Amino acid sequence: MKEKISKLGLIIENLTAKTLDDVEVLRIKYLSKKGEISALFDNFRNVPNEQKREIGQLLNVLRDRALNKINDLRENLSANAQNTEKQDFTRSAESLELGARHPLSLVRNEIIDIFSRIGFSVASGPEIEDDWHVFGALNFPPEHPARDMQDTFFIEKNPDILLRTHTSSVQTRVMTSQKPPIRVLCPGRVYRNEAISYRAHCFFHQVEGLYIDKNVSFADLKQALLYFAKEMFGEDTQIRLRPSYFPFTEPSAEMDISCKICGGKGCPFCKHTGWVEILGCGMVDSNVLDECGIDSKIYSGYAFGMGVERIANLKFQVKDLRLFSENDMRFLRQFK
Ligand code: PHE
């Protein structure tokens, strides 16, 4: 019996097969109910009692080896079969579809590009902020109605932790951690508690800018913004500054550009005025500089902030703001 088992073991070890059918034949020959290994198991009754233990173990090992061998043969053959099926060297190459940048990234990158040419670098900060960085340091007194200008999503009350409503919070962080001259752009996502519609969303994107040095004047601000408008919208673009109010700038202004759609003649897009508003700006309020540890007697600065969606609307004439966050491929493919 022992001899038979070891002979069969050797044979099984050296089995080969060319096709899956061959494997099946081998399986039947050795492992089926009427196969050679089963026959040995049938004979087991005749093994003398004192050998049963040893022979039983040998038989089990033999059967396991045979099972493994058959499985191996089968796996090798089916893997090879798949490989050769797949290899058709005459097939033409599959074309890879190239993706496109998101329109908001395109516009943000272009804004950064334009300002980096006049020395601005990029700063970033957290979207979850405390009250001081978003409001307190920026001259929003505690009960001031200006806080209502930007309906805020609060995460915790007392102390207030909130989603930033503007990236001016990053400017706070830069002013408290760097010494002038400071010339930074702060791009990023901001959140406001607004009902979602074609013209408003509860989050959007801004790029804000800050320049602080000795003798920075409103004329510098105007010059930088005119340069930006011409680079972004074309050489023939005109700008107009209207007095406005922001707690953190004094004086403050809103900037319009001549309407790109009608060329300034008046159309529904510009509400027949010939102008469209694109950003807010002003000279950094001395309270803000002092609160952030910058001596307002020595330094002055300007700041501006714009919505990326708004600029993208003007450039690409997207009528519904929601398209920017829906990830509809039919929309996004148009920006290749
Ligand atoms: N932080 C303002 C806003 O979110 C924009 C702004 C920035 C205005 C800098 C003036 C100066 O609306």
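Both ligands and their constituent atoms are indexed starting at 1 by order of listing. In this text, all values refer to a predicted model and were calculated from it rather than measured experimentally. Position 1 is the first residue of the sequence, and the numbers go up from there.
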Please report whether ligand 1 has a polar contact with [X], defined as an N or O pair separated by less than 3.5 Å (distance criterion only).
| X | result |
| --- | --- |
| His166 | yes |
| Thr249 | no |
| Thr165 | no |

Salt bridge present between [X] and [Y] (N-O < 4.0 angstrom):
| X | Y | answer |
| --- | --- | --- |
| Lys29 | Glu24 | no |
| Lys260 | Asp236 | yes |
| Glu97 | Lys336 | yes |
| Arg240 | Glu254 | no |
| Lys315 | Glu110 | yes |

Under 4.0 Å to a heavy atom of [X] - the qualifying atoms of ligand 1, by number:
| X | result |
| --- | --- |
| Glu208 | 1 (N), 2 (C), 3 (C), 4 (O), 5 (C), 7 (C) |
| Ser168 | 1 (N) |
| Phe304 | 7 (C), 9 (C), 11 (C) |
| Ala303 | 9 (C), 11 (C) |
| Cys281 | 8 (C), 10 (C), 11 (C) |

- [ ] Would you kindly specify which portion of Phe248 sits under 4.0 Å from ligand 1, judged on non-hydrogen atoms: side chain, backbone, both or neither?
- [x]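 Contact part for Phe248 vs ligand 1: side chain (C-beta onward).
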- [ ] Give the C-alpha distance, both sets of side-chain angles, the deciding distance and a yes or no for side-chain contact (heavy atoms from CB on, under 4.5 Å) between Arg63 and Tyr30.
- [x] CA-CA 9 Å; Arg63 189 196 43 208; Tyr30 296 103; over 6 Å; no
TODO: Run the contact test for Arg192 against ligand 1 with a 4.0 Å cut-off on heavy atoms, strictly below, and give the result.
DONE: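 Judged by the 4.0 Å heavy-atom criterion, Arg192 does count as contacting ligand 1.
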TODO: May I ask whether Gln206 has any heavy atom positioned less than 4.0 angstrom from an atom of ligand 1?
DONE: yes
- [ ] May I ask you to check if Lys319 and Tyr198 form a cation-pi contact, with NZ or CZ under 6.0 angstrom from the six-membered ring centre and within 45° of the axis?
- [x] no
- [ ] Classify the side-chain pair Thr249/Asp285 by whether it contains a donor and acceptor separated by less than 3.5 Å.
- [x]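 No, Asp285 and Thr249 have no side-chain donor paired with an acceptor closer than 3.5 Å.
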